[in-house]
Amino acid sequence: MVRIALPKDVKHIIDVLMENGYEAYAVGGCVRDSILGREPGDWDITTSALPMQVKGLFRRTVDTGIQHGTVTVMLGRNGYEVTTYRIDGKYEDSRHPESVEFTPKLEEDLKRRDFTINAMAYNDEHGIVDIFDGVGDLQRKIIRCVGNAHDRFDEDALRILRAVRFSAQLGFGIEENTARAAKGLAVNLKRISSERIHTEFNKMLKSPHPDYFSVADAIGIMEIVLPEYHVMSAEDKAFVGALARECACQLPERYAAMLFMSGRYSEEDPADTAKRVLKRLKLDNDTINTASMLLRFGMLEITDDEPRIRHIIYETGDKNILRILDFRAAYEKCIGNDIADVRRMYDICNMIFERGDCVSLKNLAITGKELIAMGVPAGRQMGEILNSLLMLVLDNPQLNDREQLSKEALKILNS
Ligand code: ATP
Ligand code: MG
(Lines give C-alpha, C1' and ligand atoms only; values in the text may rest on other atoms or scores of the structure.)
(Ligands and ions follow the chains in the order given, each with its own letter.)
Protein backbone atom coordinates (compact mmCIF):
# COMPACT_ATOMS: atom_id res chain seq x y z
CA MET A 1 0.00 0.00 0.00
CA VAL A 2 1.29 3.44 -0.89
CA ARG A 3 1.84 5.58 2.16
CA ILE A 4 1.81 9.32 2.36
CA ALA A 5 3.65 10.99 5.22
CA LEU A 6 0.86 13.03 6.80
CA PRO A 7 1.95 16.04 8.85
CA LYS A 8 1.50 15.43 12.58
CA ASP A 9 -1.46 17.82 12.89
CA VAL A 10 -3.28 16.30 9.93
CA LYS A 11 -2.79 12.82 11.28
CA HIS A 12 -4.06 14.01 14.66
CA ILE A 13 -7.25 15.47 13.19
CA ILE A 14 -7.94 12.34 11.14
CA ASP A 15 -7.25 10.12 14.18
CA VAL A 16 -9.60 12.07 16.45
CA LEU A 17 -12.40 11.91 13.88
CA MET A 18 -11.87 8.19 13.31
CA GLU A 19 -11.65 7.38 17.04
CA ASN A 20 -15.07 8.97 17.34
CA GLY A 21 -16.56 6.73 14.72
CA TYR A 22 -16.36 9.01 11.69
CA GLU A 23 -14.50 8.60 8.43
CA ALA A 24 -11.78 11.11 7.64
CA TYR A 25 -9.21 11.56 4.87
CA ALA A 26 -6.72 14.04 3.52
CA VAL A 27 -8.13 14.99 0.14
CA GLY A 28 -7.58 16.87 -3.11
CA GLY A 29 -4.48 18.91 -3.89
CA CYS A 30 -2.44 17.62 -0.95
CA VAL A 31 -2.85 13.98 -2.02
CA ARG A 32 -2.02 14.86 -5.63
CA ASP A 33 1.07 16.83 -4.63
CA SER A 34 2.26 14.16 -2.17
CA ILE A 35 2.10 11.45 -4.83
CA LEU A 36 4.02 13.74 -7.18
CA GLY A 37 6.62 14.42 -4.52
CA ARG A 38 5.70 18.11 -4.44
CA GLU A 39 5.26 20.05 -1.23
CA PRO A 40 1.49 20.50 -0.71
CA GLY A 41 0.37 24.11 -0.22
CA ASP A 42 -2.25 23.17 2.33
CA TRP A 43 -3.82 20.03 3.70
CA ASP A 44 -7.58 19.70 3.38
CA ILE A 45 -9.49 17.06 5.26
CA THR A 46 -12.79 15.51 4.25
CA THR A 47 -14.98 13.69 6.75
CA SER A 48 -18.34 12.01 7.22
CA ALA A 49 -18.82 14.04 10.43
CA LEU A 50 -21.22 16.97 10.21
CA PRO A 51 -19.82 20.45 10.93
CA MET A 52 -21.35 20.59 14.44
CA GLN A 53 -19.86 17.18 15.19
CA VAL A 54 -16.42 18.36 14.01
CA LYS A 55 -16.76 21.43 16.23
CA GLY A 56 -17.61 19.22 19.19
CA LEU A 57 -14.36 17.28 18.91
CA PHE A 58 -11.80 20.10 18.79
CA ARG A 59 -11.13 22.84 21.30
CA ARG A 60 -10.52 25.66 18.85
CA THR A 61 -12.44 25.89 15.58
CA VAL A 62 -13.47 28.68 13.23
CA ASP A 63 -16.69 28.62 11.22
CA THR A 64 -15.01 29.32 7.90
CA GLY A 65 -17.81 28.21 5.67
CA ILE A 66 -20.05 26.25 7.93
CA GLN A 67 -23.06 26.42 5.59
CA HIS A 68 -20.88 24.65 3.00
CA GLY A 69 -19.64 22.15 5.54
CA THR A 70 -16.23 23.67 6.25
CA VAL A 71 -14.88 24.15 9.75
CA THR A 72 -11.29 25.26 10.32
CA VAL A 73 -9.64 23.33 13.13
CA MET A 74 -6.91 25.36 14.82
CA LEU A 75 -3.87 23.54 16.19
CA GLY A 76 -1.30 25.98 17.49
CA ARG A 77 -0.99 28.70 14.91
CA ASN A 78 -2.09 26.49 12.04
CA GLY A 79 -5.60 26.07 10.70
CA TYR A 80 -6.86 23.02 8.80
CA GLU A 81 -10.03 23.03 6.76
CA VAL A 82 -12.21 20.07 7.61
CA THR A 83 -15.14 19.71 5.23
CA THR A 84 -18.08 17.34 5.49
CA TYR A 85 -18.61 14.96 2.54
CA ARG A 86 -20.90 16.85 0.23
CA ILE A 87 -22.61 16.98 -3.13
CA ASP A 88 -22.41 20.42 -4.72
CA GLY A 89 -25.00 22.62 -6.28
CA LYS A 90 -23.86 25.37 -8.65
CA TYR A 91 -20.53 27.01 -7.78
CA GLU A 92 -20.29 30.70 -7.02
CA ASP A 93 -16.59 30.64 -6.20
CA SER A 94 -13.96 27.94 -6.29
CA ARG A 95 -14.69 26.68 -2.82
CA HIS A 96 -18.25 27.68 -2.14
CA PRO A 97 -21.12 26.43 -4.26
CA GLU A 98 -24.46 28.16 -3.80
CA SER A 99 -26.05 25.14 -2.21
CA VAL A 100 -24.67 21.89 -0.88
CA GLU A 101 -26.05 18.66 0.36
CA PHE A 102 -24.16 16.57 2.88
CA THR A 103 -23.67 12.90 2.16
CA PRO A 104 -22.36 9.96 4.20
CA LYS A 105 -20.45 8.58 1.19
CA LEU A 106 -16.86 9.50 0.38
CA GLU A 107 -17.44 8.49 -3.22
CA GLU A 108 -20.07 11.22 -3.65
CA ASP A 109 -17.64 13.80 -2.32
CA LEU A 110 -14.91 12.68 -4.69
CA LYS A 111 -17.33 12.75 -7.64
CA ARG A 112 -18.01 16.48 -7.19
CA ARG A 113 -14.32 17.33 -7.63
CA ASP A 114 -13.03 18.69 -10.90
CA PHE A 115 -10.18 16.51 -12.16
CA THR A 116 -9.19 12.91 -11.53
CA ILE A 117 -5.83 13.99 -10.10
CA ASN A 118 -7.70 16.23 -7.60
CA ALA A 119 -10.22 13.57 -6.61
CA MET A 120 -8.15 11.26 -4.47
CA ALA A 121 -8.34 10.79 -0.70
CA TYR A 122 -5.88 9.26 1.71
CA ASN A 123 -5.61 8.01 5.26
CA ASP A 124 -3.22 5.58 6.86
CA GLU A 125 -5.91 2.94 7.33
CA HIS A 126 -7.25 2.79 3.76
CA GLY A 127 -4.31 4.14 1.78
CA ILE A 128 -5.12 6.05 -1.38
CA VAL A 129 -8.77 6.05 -2.37
CA ASP A 130 -8.67 6.56 -6.12
CA ILE A 131 -11.97 5.82 -7.83
CA PHE A 132 -11.26 7.65 -11.10
CA ASP A 133 -7.69 6.53 -11.76
CA GLY A 134 -6.10 9.77 -10.68
CA VAL A 135 -2.84 7.92 -10.08
CA GLY A 136 -2.90 6.66 -13.67
CA ASP A 137 -3.48 10.18 -14.94
CA LEU A 138 -0.61 11.48 -12.82
CA GLN A 139 1.58 8.87 -14.48
CA ARG A 140 0.27 9.70 -17.94
CA LYS A 141 0.60 13.40 -17.09
CA ILE A 142 -2.88 14.38 -18.13
CA ILE A 143 -5.66 16.57 -16.79
CA ARG A 144 -8.96 14.75 -17.14
CA CYS A 145 -12.38 15.63 -15.77
CA VAL A 146 -14.12 13.43 -13.25
CA GLY A 147 -17.13 12.08 -15.13
CA ASN A 148 -18.51 13.71 -18.25
CA ALA A 149 -16.31 16.66 -19.16
CA HIS A 150 -19.05 18.59 -20.90
CA ASP A 151 -21.36 18.34 -17.87
CA ARG A 152 -18.58 19.25 -15.44
CA PHE A 153 -17.58 22.37 -17.37
CA ASP A 154 -21.22 23.27 -17.82
CA GLU A 155 -21.73 23.15 -14.04
CA ASP A 156 -18.78 25.45 -13.41
CA ALA A 157 -16.99 27.17 -16.28
CA LEU A 158 -14.10 28.14 -14.05
CA ARG A 159 -12.95 24.53 -14.29
CA ILE A 160 -11.99 25.28 -17.91
CA LEU A 161 -9.43 27.78 -16.72
CA ARG A 162 -8.41 25.51 -13.84
CA ALA A 163 -7.59 22.78 -16.36
CA VAL A 164 -5.09 25.11 -18.04
CA ARG A 165 -3.74 26.30 -14.69
CA PHE A 166 -3.03 22.76 -13.48
CA SER A 167 -1.56 21.90 -16.85
CA ALA A 168 0.83 24.89 -16.47
CA GLN A 169 1.71 24.07 -12.88
CA LEU A 170 2.34 20.38 -13.49
CA GLY A 171 3.47 20.45 -17.11
CA PHE A 172 0.60 18.10 -17.99
CA GLY A 173 -1.40 17.83 -21.18
CA ILE A 174 -5.17 18.14 -21.24
CA GLU A 175 -6.92 14.90 -22.19
CA GLU A 176 -8.66 15.03 -25.56
CA ASN A 177 -12.30 14.82 -24.45
CA THR A 178 -11.64 17.24 -21.65
CA ALA A 179 -9.99 19.70 -24.05
CA ARG A 180 -12.80 19.40 -26.59
CA ALA A 181 -15.49 20.00 -23.97
CA ALA A 182 -13.53 22.95 -22.63
CA LYS A 183 -13.36 24.49 -26.08
CA GLY A 184 -17.08 24.10 -26.58
CA LEU A 185 -17.95 25.85 -23.32
CA ALA A 186 -15.22 28.48 -22.92
CA VAL A 187 -17.72 31.19 -23.76
CA ASN A 188 -19.39 30.54 -20.38
CA LEU A 189 -16.35 32.09 -18.70
CA LYS A 190 -18.13 35.38 -19.41
CA ARG A 191 -20.30 34.68 -16.41
CA ILE A 192 -17.45 33.92 -14.02
CA SER A 193 -16.35 36.59 -11.56
CA SER A 194 -13.10 38.46 -12.17
CA GLU A 195 -11.78 37.39 -8.78
CA ARG A 196 -12.12 33.70 -9.56
CA ILE A 197 -10.55 34.24 -12.95
CA HIS A 198 -7.55 36.21 -11.77
CA THR A 199 -6.86 33.69 -8.99
CA GLU A 200 -6.36 31.00 -11.64
CA PHE A 201 -4.45 33.32 -13.97
CA ASN A 202 -2.11 34.30 -11.15
CA LYS A 203 -1.33 30.67 -10.39
CA MET A 204 -0.71 29.98 -14.07
CA LEU A 205 1.58 33.01 -14.46
CA LYS A 206 3.65 32.01 -11.44
CA SER A 207 4.00 28.40 -12.61
CA PRO A 208 6.89 26.80 -14.51
CA HIS A 209 4.86 27.47 -17.69
CA PRO A 210 3.88 31.13 -17.44
CA ASP A 211 3.35 31.19 -21.20
CA TYR A 212 0.41 28.79 -21.09
CA PHE A 213 -1.90 31.68 -21.90
CA SER A 214 -1.24 30.30 -25.37
CA VAL A 215 -2.88 27.05 -24.27
CA ALA A 216 -5.74 29.06 -22.78
CA ASP A 217 -5.95 30.87 -26.10
CA ALA A 218 -6.14 27.66 -28.13
CA ILE A 219 -9.07 26.55 -25.96
CA GLY A 220 -10.91 29.82 -26.54
CA ILE A 221 -10.44 31.25 -23.07
CA MET A 222 -8.44 34.34 -24.00
CA GLU A 223 -10.97 35.46 -26.57
CA ILE A 224 -13.50 35.69 -23.74
CA VAL A 225 -11.47 36.98 -20.80
CA LEU A 226 -8.51 38.70 -22.46
CA PRO A 227 -9.36 39.73 -26.02
CA GLU A 228 -6.45 42.20 -25.87
CA TYR A 229 -4.18 39.16 -26.04
CA HIS A 230 -6.31 37.10 -28.36
CA VAL A 231 -6.22 39.63 -31.22
CA MET A 232 -2.45 39.48 -31.57
CA SER A 233 -0.67 37.73 -34.44
CA ALA A 234 0.76 34.25 -33.87
CA GLU A 235 4.23 35.73 -34.06
CA ASP A 236 3.56 38.34 -31.37
CA LYS A 237 1.91 35.71 -29.17
CA ALA A 238 5.00 33.55 -29.48
CA PHE A 239 7.18 36.52 -28.58
CA VAL A 240 5.25 37.52 -25.47
CA GLY A 241 5.26 33.87 -24.39
CA ALA A 242 9.04 33.85 -24.58
CA LEU A 243 9.15 37.13 -22.67
CA ALA A 244 6.92 35.69 -19.93
CA ARG A 245 9.29 32.75 -19.57
CA GLU A 246 12.33 34.98 -19.49
CA CYS A 247 11.20 37.71 -17.07
CA ALA A 248 11.12 37.50 -13.27
CA CYS A 249 8.57 35.15 -11.67
CA GLN A 250 6.34 37.92 -10.36
CA LEU A 251 2.81 38.82 -11.33
CA PRO A 252 3.45 42.39 -12.59
CA GLU A 253 6.28 41.23 -14.85
CA ARG A 254 4.24 38.38 -16.25
CA TYR A 255 1.12 40.39 -16.87
CA ALA A 256 3.30 43.06 -18.46
CA ALA A 257 4.89 40.42 -20.70
CA MET A 258 1.49 39.15 -21.77
CA LEU A 259 0.41 42.64 -22.86
CA PHE A 260 3.80 43.81 -24.14
CA MET A 261 2.78 43.89 -27.80
CA SER A 262 -0.74 45.16 -27.28
CA GLY A 263 0.26 48.62 -28.54
CA ARG A 264 0.44 47.26 -32.08
CA TYR A 265 -3.25 46.47 -32.02
CA SER A 266 -4.81 49.62 -30.62
CA GLU A 267 -4.29 53.34 -30.33
CA GLU A 268 -3.83 52.92 -26.61
CA ASP A 269 -0.47 52.98 -24.83
CA PRO A 270 0.26 49.43 -23.56
CA ALA A 271 0.75 50.87 -20.06
CA ASP A 272 -2.84 52.15 -20.20
CA THR A 273 -4.08 48.90 -21.71
CA ALA A 274 -2.50 47.04 -18.79
CA LYS A 275 -4.20 49.37 -16.31
CA ARG A 276 -7.56 48.89 -17.96
CA VAL A 277 -7.28 45.12 -18.40
CA LEU A 278 -5.92 44.41 -14.93
CA LYS A 279 -8.53 46.66 -13.33
CA ARG A 280 -11.19 44.74 -15.20
CA LEU A 281 -9.71 41.52 -13.78
CA LYS A 282 -9.89 43.21 -10.34
CA LEU A 283 -6.22 42.68 -9.53
CA ASP A 284 -4.76 44.55 -6.58
CA ASN A 285 -3.43 48.08 -7.10
CA ASP A 286 0.19 47.14 -6.58
CA THR A 287 0.09 44.57 -9.39
CA ILE A 288 -1.81 46.96 -11.66
CA ASN A 289 0.51 49.90 -11.06
CA THR A 290 3.73 47.91 -11.28
CA ALA A 291 2.74 46.13 -14.49
CA SER A 292 1.72 49.44 -16.01
CA MET A 293 4.96 51.07 -14.85
CA LEU A 294 7.02 48.30 -16.48
CA LEU A 295 5.24 48.87 -19.77
CA ARG A 296 5.44 52.65 -19.52
CA PHE A 297 9.21 52.67 -18.97
CA GLY A 298 10.28 49.30 -20.35
CA MET A 299 11.75 50.74 -23.52
CA LEU A 300 13.56 53.67 -21.89
CA GLU A 301 16.93 54.77 -23.20
CA ILE A 302 19.87 52.63 -22.11
CA THR A 303 22.83 54.83 -21.20
CA ASP A 304 25.92 54.91 -19.02
CA ASP A 305 25.79 58.66 -18.52
CA GLU A 306 25.45 59.15 -14.78
CA PRO A 307 23.66 62.52 -14.73
CA ARG A 308 21.22 61.22 -17.33
CA ILE A 309 20.69 58.08 -15.26
CA ARG A 310 19.89 60.15 -12.17
CA HIS A 311 17.26 62.00 -14.19
CA ILE A 312 15.81 58.67 -15.29
CA ILE A 313 15.76 57.40 -11.70
CA TYR A 314 13.89 60.54 -10.69
CA GLU A 315 11.38 60.11 -13.51
CA THR A 316 10.71 56.43 -12.81
CA GLY A 317 10.56 56.95 -9.05
CA ASP A 318 12.20 55.26 -6.07
CA LYS A 319 13.99 52.06 -7.02
CA ASN A 320 11.63 51.18 -9.86
CA ILE A 321 14.51 51.50 -12.29
CA LEU A 322 16.06 48.24 -11.08
CA ARG A 323 12.88 46.33 -11.79
CA ILE A 324 12.49 48.06 -15.14
CA LEU A 325 16.02 47.17 -16.21
CA ASP A 326 15.55 43.56 -15.16
CA PHE A 327 12.47 43.40 -17.32
CA ARG A 328 14.33 45.16 -20.13
CA ALA A 329 17.14 42.61 -19.93
CA ALA A 330 14.56 39.84 -20.41
CA TYR A 331 13.26 41.64 -23.47
CA GLU A 332 16.74 42.11 -24.97
CA LYS A 333 17.49 38.42 -24.43
CA CYS A 334 14.28 37.50 -26.22
CA ILE A 335 15.23 39.49 -29.28
CA GLY A 336 18.71 37.97 -29.20
CA ASN A 337 20.60 41.06 -28.04
CA ASP A 338 23.52 41.26 -25.72
CA ILE A 339 22.49 42.57 -22.31
CA ALA A 340 25.87 43.99 -21.26
CA ASP A 341 24.65 47.60 -21.69
CA VAL A 342 21.54 47.01 -19.62
CA ARG A 343 23.67 45.34 -16.94
CA ARG A 344 26.07 48.28 -16.89
CA MET A 345 23.22 50.74 -16.42
CA TYR A 346 21.84 48.52 -13.65
CA ASP A 347 25.20 48.57 -11.85
CA ILE A 348 25.45 52.35 -12.18
CA CYS A 349 21.95 52.70 -10.69
CA ASN A 350 22.98 50.56 -7.75
CA MET A 351 26.10 52.65 -7.29
CA ILE A 352 24.02 55.83 -7.32
CA PHE A 353 21.69 54.37 -4.68
CA GLU A 354 24.60 53.18 -2.54
CA ARG A 355 26.34 56.53 -2.73
CA GLY A 356 23.08 58.17 -1.70
CA ASP A 357 23.03 60.73 -4.53
CA CYS A 358 19.95 62.90 -4.33
CA VAL A 359 17.44 61.54 -6.83
CA SER A 360 14.19 62.96 -5.45
CA LEU A 361 12.77 66.11 -3.89
CA LYS A 362 12.68 64.51 -0.50
CA ASN A 363 16.48 64.14 -0.50
CA LEU A 364 17.15 67.67 -1.60
CA ALA A 365 19.37 69.43 0.97
CA ILE A 366 16.98 72.35 1.18
CA THR A 367 13.30 72.29 2.06
CA GLY A 368 10.32 74.40 1.10
CA LYS A 369 10.21 75.73 4.67
CA GLU A 370 13.77 76.96 4.42
CA LEU A 371 13.00 78.68 1.14
CA ILE A 372 10.02 80.42 2.75
CA ALA A 373 12.32 81.62 5.54
CA MET A 374 14.49 83.10 2.78
CA GLY A 375 11.51 85.01 1.45
CA VAL A 376 10.38 82.76 -1.38
CA PRO A 377 6.60 82.96 -1.56
CA ALA A 378 4.81 79.65 -1.09
CA GLY A 379 2.90 78.39 -4.12
CA ARG A 380 3.66 77.85 -7.76
CA GLN A 381 6.97 79.71 -7.78
CA MET A 382 8.19 77.70 -4.81
CA GLY A 383 7.43 74.49 -6.69
CA GLU A 384 9.30 75.73 -9.72
CA ILE A 385 12.34 76.72 -7.69
CA LEU A 386 12.49 73.39 -5.88
CA ASN A 387 12.22 71.64 -9.20
CA SER A 388 15.02 73.71 -10.78
CA LEU A 389 17.23 72.99 -7.77
CA LEU A 390 16.53 69.29 -8.10
CA MET A 391 17.41 69.33 -11.82
CA LEU A 392 20.66 71.05 -10.91
CA VAL A 393 21.47 68.46 -8.27
CA LEU A 394 20.62 65.56 -10.59
CA ASP A 395 23.26 66.95 -12.93
CA ASN A 396 25.75 67.75 -10.15
CA PRO A 397 25.23 65.76 -6.96
CA GLN A 398 27.95 67.75 -5.19
CA LEU A 399 25.66 70.79 -5.26
CA ASN A 400 23.27 69.09 -2.85
CA ASP A 401 24.27 71.25 0.06
CA ARG A 402 22.07 73.72 1.91
CA GLU A 403 24.29 76.74 1.48
CA GLN A 404 24.95 76.15 -2.19
CA LEU A 405 21.29 75.56 -2.87
CA SER A 406 20.20 78.75 -1.05
CA LYS A 407 22.59 80.67 -3.25
CA GLU A 408 21.17 79.00 -6.35
CA ALA A 409 17.64 79.71 -5.13
CA LEU A 410 18.40 83.40 -4.74
CA LYS A 411 19.92 83.46 -8.21
CA ILE A 412 16.75 81.98 -9.67
CA LEU A 413 14.56 84.28 -7.61
CA ASN A 414 16.40 87.36 -8.80
CA SER A 415 16.64 86.37 -12.43
P1 ATP B 1 -3.67 24.40 -4.98
O2 ATP B 1 -2.39 23.69 -4.81
O3 ATP B 1 -3.60 25.48 -5.98
O4 ATP B 1 -4.34 24.83 -3.72
P5 ATP B 1 -5.80 22.50 -5.06
O6 ATP B 1 -5.98 21.25 -5.84
O7 ATP B 1 -5.69 22.37 -3.58
O8 ATP B 1 -4.59 23.27 -5.67
P9 ATP B 1 -7.97 24.27 -4.58
O10 ATP B 1 -8.51 25.34 -5.45
O11 ATP B 1 -7.33 24.65 -3.29
O12 ATP B 1 -6.99 23.42 -5.47
O13 ATP B 1 -9.16 23.27 -4.29
C14 ATP B 1 -9.04 22.14 -3.42
C15 ATP B 1 -9.77 20.94 -4.00
O16 ATP B 1 -11.16 21.25 -4.13
C17 ATP B 1 -9.32 20.56 -5.41
O18 ATP B 1 -8.22 19.68 -5.37
C19 ATP B 1 -10.58 19.92 -5.98
O20 ATP B 1 -10.70 18.59 -5.52
C21 ATP B 1 -11.69 20.72 -5.34
N22 ATP B 1 -12.13 21.86 -6.16
C23 ATP B 1 -11.70 23.15 -6.08
N24 ATP B 1 -12.32 23.93 -6.96
C25 ATP B 1 -13.18 23.13 -7.63
C26 ATP B 1 -14.14 23.36 -8.67
N27 ATP B 1 -14.30 24.56 -9.19
N28 ATP B 1 -14.84 22.30 -9.09
C29 ATP B 1 -14.68 21.08 -8.54
N30 ATP B 1 -13.83 20.82 -7.57
C31 ATP B 1 -13.07 21.82 -7.11
MG1 MG C 1 -5.55 24.04 -2.17
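This is a predicted model, so every value here is computed, not measured. Just follow the structure's listing: the first ligand is 1, and inside any ligand the first atom is 1.
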With sequence neighbours left out, the residues meeting ring pair (Phe, Tyr, Trp, His ring centres under 6.0 Å) with F201 are none
All N/O donor-acceptor pairs, side-chain side in residues 176-186, below 3.5 Å, sequence neighbours left out:
residue	atom	partner	partner atom	Å
E176	OE2	R180	NH2	3.3
N177	OD1	R180	NH1	3.1
N177	ND2	E175	OE2	3.4
T178	OG1	C145	N	3.2
T178	OG1	E175	OE1	2.8

Discussion item. Is there a polar contact, in the sense of an N or O pair closer than 3.5 Å, between D114 and ligand 1?
Written reply: yes
For R32, the ligand 1 atoms with a heavy-atom partner under 4.0 Å come out as 2 (O), 5 (P), 6 (O), 8 (O)
Quick look: D156 vs ligand 1, heavy-atom contacts under 4.0 Å, and the answer is side chain
Quiz item: Going by heavy atoms in the side chains, are F132 and L110 under 4.5 Å from each other?
Solution: yes
Honestly, for R38 the part within reach of ligand 1 (heavy atoms, under 4.0 Å) is neither
Fill in: side chain to side chain donor-acceptor pair (under 3.5 Å) between D284 and T287, worked out
CA-CA 6 Å; D284 60 284; T287 303; 2.8 Å; yes
Separation between CD1 (I87) and NZ (K105), nearest 0.5 Å, reads 8.5 Å
Honestly, for R112 the part within reach of ligand 1 (heavy atoms, under 4.0 Å) is backbone
| request: Determine the interplanar angle of the F213 and Y229 rings, folded into 0 to 90°, and report it as parallel if under 30°, tilted if 30 to 60°, perpendicular if over 60°. | output: perpendicular
Worksheet item: Parallel under 30°, tilted from 30 to 60°, perpendicular over 60°: which one fits the rings of F260 and F239?
Response: tilted
R162 near ligand 1, heavy-atom distance under 4.0 Å? yes
Exercise for the section: Would you check whether Q169 has a nitrogen or oxygen atom less than 3.5 angstrom from a nitrogen or oxygen atom of ligand 1? Expected result: no
Heavy-atom side-chain proximity of R38 to L170 below 4.5 angstrom: yes
| said: Does the residue F166 have a heavy-atom contact with ligand 1, meaning some pair of atoms that are separated by less than 4.0 Å? | reply: yes
Evaluation steps, side-chain contact (heavy atoms from CB on, under 4.5 Å), between L17 and V82: CA-CA 10 Å; L17 287 160; V82 179; 4.2 Å; yes
For R159, the atoms of ligand 1 under 4.0 Å from one of its heavy atoms are 26 (C), 27 (N), 28 (N), 29 (C)
Any heavy atom of W43 under 4.0 Å from ligand 1? The part involved is neither
| said: Does ligand 1 come near enough to G29 that some N or O of the ligand is less than 3.5 Å from an N or O of the residue? | reply: yes
Near G28 (heavy-atom distance under 4.0 Å), the atoms of ligand 1 are 18 (O)
So the atoms of ligand 1 within less than 4.0 Å of a heavy atom of R165 turn out to be 1 (P), 3 (O), 8 (O), 10 (O)
